[in-house]
Amino acid sequence: MEIIIAIASKIGECLVTPIGTEFGYLIHYHSNLESLRGEIKKLFDKKDGVQGWVDAAQRNGENIKPDVQSWLKNVNDMIQKVSHFEDEINKKRRCVHRWSLSRKAYKITQHVLQLQNKGTFENMAHPAPPRKIWSTFKEGFKDFKSRMAKINEVIEGLKREEVRLIGICGMGGVGKTTMVKEIITRLAELNLFGEIVMATVSQSPSVKTIQSEIAGQIGLKLDEDPESVRALKLYGRLTEIKRILIVLDDVWTELDFKAIGLPYEHTNKGCKILLTSRNLEVCNEMRSQQIIEVRTLTTEESQELFREMVGESFDDPDLHSTPKDVVKECGGLPIAIVTVGKALENKKKHAWEDALNQLRNSNPVNIPGVDSKVYSSIKLSYDGLESDEARSCLLLCCLFPEDYNIRIEYLVRYGWGRGYFSSIVTLEDARNRVHSLVDQLKRRFLLLDGGRSETTKMHDIVRDVAISIASRDPHRFLVRSHAENKEWPNLATYDTISLVGDLEIPVGCPKLELLQTMNGRFSKGSMDIICDAMKELKVLALVGMAMKDLGSSRSPGVLKNLRTLILDGSNLDGMSTDVIGSLENLEILSFRDCFYMCELPREIGRLKQLRLLDTTNCMNLKVIPHGIFSGLSRLEELYMMGSFDKWDLGTGREDKRMASISEVMSLSHHLKVLTIQMPPNVIHLLPKDIVLKSPTIKFAIGSTEMFSKMFSEMTTYAFRNSLIIDEGDARELESQAVRLLLKKSEDLFLCKVKNFSVLTDLDQEGFQDLKYLTLERCPNTEYLANGTSVTQQTPFPHIQSASQLPNSFLTNLRFLRLFNCDVLKYAFSLSAARNLVQLEELDIGDCDQMEEIVSKQGREHENEADIISFNKLTKLSLCHLPSLVGFFQANKLYSNQEETTPRIEHQSAGIFEKAIFPSKCISWFPSLEEVELSDMEFEGVLFDLKIHIVMDGQTSPTCPQLRKLKISECSFTHLWKNIPSGFQGFQNLRYLELRRCYGLEYVFSHLIASELLNLEEVKIGGCRDMETIVRITEENEEEATKDMILFPKLNRFDLIGLPRLTSLCPAGSTFQWSSTKDMRVEECQKLKTLGAVIPQRKKLENKSEKDSTSHDFSTSPTRSSNWCPDGCGCIPYSRPNAQRPIEILPRPINQEVTPTNLEDSNDDDNLEYLIVLGCNSMEVIFQLKGPEHEESSHSVEAFKKLRHLGLVRLPSLMCVWETGSSQPMFTGSSFGNLKLLRVYSCNQLKYLFSSSIVKLLASVEDIKVGKCEQMEEIVAAEEEAGEIITLPKVKSIELGNLPKLKYFCGEAYTLKLPSLELLKVINVQDLRPFDSKLVDTHNPRLQVKPAFRQEWTRTRVYRTITPLGDVGCHSEIG
């Protein structure tokens, strides 16, 4: 009985508890809704905070961590869910629904709380990955026949498994480095390696430098550890990369890979090395398995290159054979041809003859590795420079190490110290002169572009020649590296010495004027040697030196001629610098990048002649004693960005006070350049009486907290006038100096500046000089300018507010960025927009109240919109503008528009579409190249094309220069709508990306798609409503042609996560997806086939047939020839010349593909990579359909370039290749390049190849098939028995989890696999082992391939994870 009672009691508890819970939902209906309302508000706040950090990280170029992105996405999904729930509540007001609604509110609240708890992150982002090395290369490679043969030889060598190291050798200047860069670029396109890195070794290799170059390219941070420790770290990281190519350029001696940390030979089979050297023996010493010798250009190639350099002069009859004779003297060396050619460009006959005479009679000194012809050609270019200044500038460049990014500012400061600019008065003028000289030397190809801003480089051959020239009278330069290990020559006559590495300061240099030491150790007593032995010294540069202190001179004033002292990057702490105070004639003093310097030496205050002081990026500089700047009466330039910001505001004790802004700005009229850093919310505290005495001052004043791109640019020397105000009140910016800074700013960043509603409040003259403007989190800014309204209040009460917009308002503005300005309703009025004739980039985001970008205001007439044109706007970015109704909203209908010139054409009267680009303003953007939209819930159209412009009787094209369209997290009904008859536009669009865009059922209408002749890359993903890519719309159905090839230049095509996609284009249009190089189709569950393909036949139409084809686009094609009646989902046959006629293409457009050249240029069979994954309805991949009027037995060639094929998780796939007696046959070289085949989880697939297909697979090397439950054989029989089928290059076959597989191929065939090395069979119960019928064991190739083996496993114990390799998918085979 007690047991029964206990059981009953327990049952009662189990029943009562849930009943109570369910009843509670009804009781707590209101409280549950209130709880949800409160928690979702907290979630909103947390989301805004996280989003703020994310935005800041993205501005700094960092990558957001996946967990943060996932959390934000989940929050957005939750917000959407709650929004739908609110709608549900409003629809279900009756009490009967309260229980379910309360229960749902409670459940949602729990999920909201979970999201809140997960929304705390220690780090939200990490630095972006380093740029790929090939992205920094410039175009310009000449594909000469002699060069292309060598390039192909290298690439084919790298493809071979057994080749680990290839050497490229040739004399200096022959073009090895240029060739290697082209090889890297081509390898990147082929995707042969996961990573490609490149390091320049040079004649004096530095292990640390090589380690740092390689580490930087793979995102590895190496600390200042010993070389051996760094080597271990580098080795560990490199061995983690499965396929990597390491390029070592300019190798002079054998390298110790272990010391550097490079894996080689057996340590990492995925690592290959490509090196270049001037010395064949070096390639041999390093055991290169393949050595490619690069010889000089042929006579024809040399003349072609030279003709490109000198232009029409090459064929000038007055010069007779002189140009060809000059080319001959250049010896076929590209660097000689280029430098001599540039020197003779536009020169007269006497200059040519003189050049030829010099080349023939030159007798250069012997330079190791430099041919005499190269020397004489570069010497000729040097001698031909117009001025001594240019020659001196070039020789200064040879003081720096090989492949060094030479700061142009060093050339300025060295040249000033040496007195090269005798006629120049100011440093700013000298800087302009040097930049001009560098540009001139680049044009002569004596200098190259540097790898960083404001730097240049010197080709190592040019450097060698320059050192040779500079080492002789009258220059007498000595350039020495610690690796050269030579004795010192007699230094008595040298006037310039450069030392790189650990070299002692030489003695006995009485004539020395310039001493540069780099990356070495400045030992104690070195300064005494300099003071004693180098009394004529004018320039002393100690760059990147390890030093305890600078030392103090025993003889004050001995370096009385020293004008320039550079201490950049040295670990100087600012103490023990007494010697500085004795340098009475010092004019330039630089401490840039001295990170350890904490205090600016007081002795600087005694330098009465000082013109330039630089402490840029001295991040630990915290102390500058008060009064230092007061004595610098001749100071012209002060650079302090990224360093001291503890400016005195006059509130501390006299003896503890720091330097003040007043002290700096009270300097004489000489001050021309000022870059300083200030903490937030300080600029308004500047004394009101501060003035800038020099009206032409160049300035950069920034905030400590604003580490933006603008901030980094302010640390350069060619900066724009820049001002960052971080936190402040516009009413307090009253000082004369601040007003002048605002007025003269070219780059202005206002962050958290309150109490100004209109930008003109800050400068009544309209910011005439402003080029770059950023407003961020300015809480009271309503608009930038209102052209007609009188501003009632102004931050400057003593100034009357302008009643109308200044004519010069923002007339020079190039870049505008508006972010998080919460009350900003529009950016410009119509009259203000008229002024933006220079605007190039517009970026607006997170302005919740913004309704329009341009708005008609006050007394403005709507006709003003007809004369607005953003002629130079190339990029437009819009992000999260929830109130936006369009770029511009017209306030009336256009049906009664008067006819003017240009004439407005429209289809019909009525209310126009809600559109980002309404038809009224679609013509404003003739130069727009890039549009990016993100997080825009816009229930309307992107481009409304209802109105278009007609100029002089011809239709003006719409957005003719648009190249990139990127849209993510947006909702639109259409991208293009209301397309008028005869529309033209968007012909230059190259790139289209749609990510998670809702509401779109298709991407292109048929008429828009027909315009996109240059489209190269399409990426569409996560668009849940997408049904097709191209659609014939009802409004244009009559104009739709049934004879058109779409997207002839498409190079990449991605369709990912499109659950409703059923076709790619309408029946009757030819979408040549086989012309795409790289195609991925993933998670498109309703797509049954990619479409039928009819490529070009081998038999071409004769010329008479082509010529007889009409170009009349309005003529309908005959259905019997080109119309596919069964609506197969895509592709009927279409002749390439049946394109839109050339007569109707717009003339202003730089059309790269036109109907006249499309016939010859279009290759409709480019597909190399094809991945199809997770498409549940896919039934066939390669489908052929021929024209109905032709016999069905004809044969075609297709997919000749296909290399990688991956088919994964296609449960409805019946066959890969659809062939048969009623269909065309693949023949010839079809699939002849296929190397890698992966097929997984295709459970309806009964066989992989037909016997006719398998014969075509001449190049296939790797076959992996797994988890195909119905597969019975790999090769299906379809022809006569007894046939021999050979797969000559197959090395590996892996078969796994194929329960019905009995044969690789039926007994009717003999399959020969002469190259097979590995057969792996896992959990295939009934397949018999391969025997001699399948593996030709008598083939001699097997005798040298002992790796052949069979691995046979019948159980599930042995599991192998098999990647799809280069095609990028993963799956299991067992």
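Every heavy atom of this structure was used, including side-chain atoms; hydrogens, water molecules and symmetry mates were not.
Side-chain atoms of Gln303 and Thr299, non-hydrogen and from C-beta on, do get closer than 4.5 Å to each other. For the pair Trp252/Val201, no side-chain contact is recorded, criterion being any heavy-atom separation below 4.5 Å from C-beta on. Using a 4.5 Å cut-off on side-chain heavy atoms (C-beta onward), Met534 and Glu513 make no contact. Under the 4.5 Å side-chain criterion, counting only non-hydrogen atoms from C-beta, Thr517 is not in contact with Val543. Counting only heavy atoms from C-beta outward, the side chains of Ile291 and Asn284 approach each other to under 4.5 Å. Proximity of Pro489 to Leu478: side-chain heavy atoms (C-beta onward) are separated by under 4.5 Å at one or more points. The closest side-chain heavy-atom distance from Lys698 to Asn721 is below 4.5 Å. Residues Ile406 and Thr455 fail the side-chain proximity criterion, which asks for heavy atoms closer than 4.5 Å.
Remark: Arg431 fails to qualify as a cation-pi partner of Trp416 under the 6.0 Å distance and 45° angle criteria applied to the six-membered ring. The cationic atom of Lys511 (NZ for Lys, CZ for Arg) does not lie both less than 6.0 Å from the six-membered ring centre of Tyr494 and within 45° of the ring axis. Annotation: cation-pi geometry satisfied between Arg413 and Tyr717 (NZ/CZ under 6.0 angstrom from ring centroid, within 45° of ring axis).
Arg990 and Asn988 are linked by a side-chain donor-acceptor pair at a separation below 3.5 angstrom, with hydrogens and angles left out of the test. A donor-acceptor contact closer than 3.5 angstrom is absent between the side chains of Thr322 and Asp325. Side-chain contact annotation: Arg418 with Thr496, donor-acceptor N/O pair under 3.5 Å present. Between the side chains of Asp568 and Tyr410, a donor-acceptor pair is found at a separation under 3.5 Å. Checked by atom type, the side-chain pair Glu454/Thr716 shows a donor-acceptor distance below 3.5 Å. Side-chain polar atoms of Asp249 and Thr177 form a donor-acceptor pair below 3.5 angstrom. A donor atom on one side chain and an acceptor atom on the other are found under 3.5 Å apart for Gln516 and Ser498.
What you find for Leu448 and His459 is that their closest heavy atoms are CD1-N, 4.0 Å. Heavy atoms only, all atoms of each residue included: Gly417 and Lys538 are closest at O-CB, 3.4 Å. Of all heavy-atom pairs spanning Ile151 and Met179, the tightest one is CG1-CG, 3.6 Å. Across all their heavy atoms, Glu637 and Leu612 have their closest contact at OE1-CD1, 3.1 Å. Looking at every heavy atom in both residues, Ile183 comes nearest to Ile168 through CD1-CD1, 4.0 Å. The two residues Ser288 and Leu275 make their nearest non-hydrogen contact at OG-CD2, 4.4 Å.
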For this session: Step by step, work out the side chain to side chain contact (heavy atoms under 4.5 Å, CB included) result for Val673 and Phe719.
Result: CA-CA 10 Å; Val673 179; Phe719 59 85; 3.6 Å; yes
Problem set entry | Residue pair Lys672, Glu428: steps toward the salt bridge (Lys or Arg N to Asp or Glu O under 4.0 Å) verdict | CA-CA 8 Å; Lys672 301 292 183 183; Glu428 182 66 14; over 6 Å; no
Exercise. What's the verdict on salt bridge (Lys or Arg N to Asp or Glu O under 4.0 Å) for Arg307 and Glu304, showing C-alpha distance, side-chain angles and the deciding distance?
Worked result: CA-CA 5 Å; Arg307 180 184 280 109; Glu304 181 182 341; over 6 Å; no
Exercise. For Phe477 and Asp495, what are the C-alpha separation, side-chain angles and deciding distance, and is it a side chain to side chain contact (heavy atoms under 4.5 Å, CB included)?
Worked result: CA-CA 6 Å; Phe477 280 34; Asp495 62 16; 4.0 Å; yes
Exercise. Does the side chain to side chain contact (heavy atoms under 4.5 Å, CB included) test come out yes or no for Arg295 and Glu293, once each step is laid out?
Worked result: CA-CA 6 Å; Arg295 302 190 182 278; Glu293 274 192 68; 3.7 Å; yes
For this session: Applying salt bridge (Lys or Arg N to Asp or Glu O under 4.0 Å), run through Arg611 and Glu587 and close with a yes or a no.
Result: CA-CA 5 Å; Arg611 292 171 177 258; Glu587 298 183 4; 3.6 Å; yes
For this session: Output, in order, the C-alpha distance, side-chain angles, deciding distance and verdict of side chain to side chain contact (heavy atoms under 4.5 Å, CB included) for Met458 and Tyr404.
Result: CA-CA 8 Å; Met458 204 175 206; Tyr404 189 80; over 6 Å; no
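Ionic pairing of Arg186 and Glu189 is not present here: no N-O contact between side-chain nitrogen and carboxylate oxygen is shorter than 4.0 angstrom. A salt bridge links Glu389 with Arg433; the closest basic N to acidic carboxylate O contact falls under 4.0 Å.
Arg391 contributes a side-chain N or O that, together with a main-chain N or O of Leu385, makes up a donor-acceptor pair within less than 3.5 Å. Proximity of a side-chain donor or acceptor of Asp429 to a complementary backbone N or O of Val425 within less than 3.5 Å is not detected. Ser302 contributes no side-chain N or O that, together with a main-chain N or O of Val327, makes up a donor-acceptor pair within less than 3.5 Å. Looking at Ser277, its side chain never comes within 3.5 Å of a backbone N or O of Val282 through a donor-acceptor pair. The main-chain N or O of Asp449 is never found under 3.5 Å from a side-chain atom of Lys442 such that the two would form a donor-acceptor pair. A donor-acceptor contact shorter than 3.5 Å links the side chain of Ser206 to the backbone of Thr209. No donor-acceptor pair closer than 3.5 Å links the side chain of Ser436 to the backbone N or O of Asn432. Between the Arg814 side chain and the Asn812 main chain, a donor and an acceptor come within less than 3.5 Å of each other.
No more than 12 heavy atoms of other residues, nucleotides or ligands sit less than 6.0 Å from atom CD of Glu312. Within 6.0 Å of NZ in Lys347 there are more than 12 heavy atoms belonging to other residues, nucleotides or ligands.
A side-chain contact (heavy atoms from CB on, under 4.5 Å) with Leu396 holds for exactly one of Val412, Val539, Leu411; it is Leu411.
Between Tyr414 and Phe400, the ring-plane angle classifies as parallel under the 30° and 60° cut-offs.
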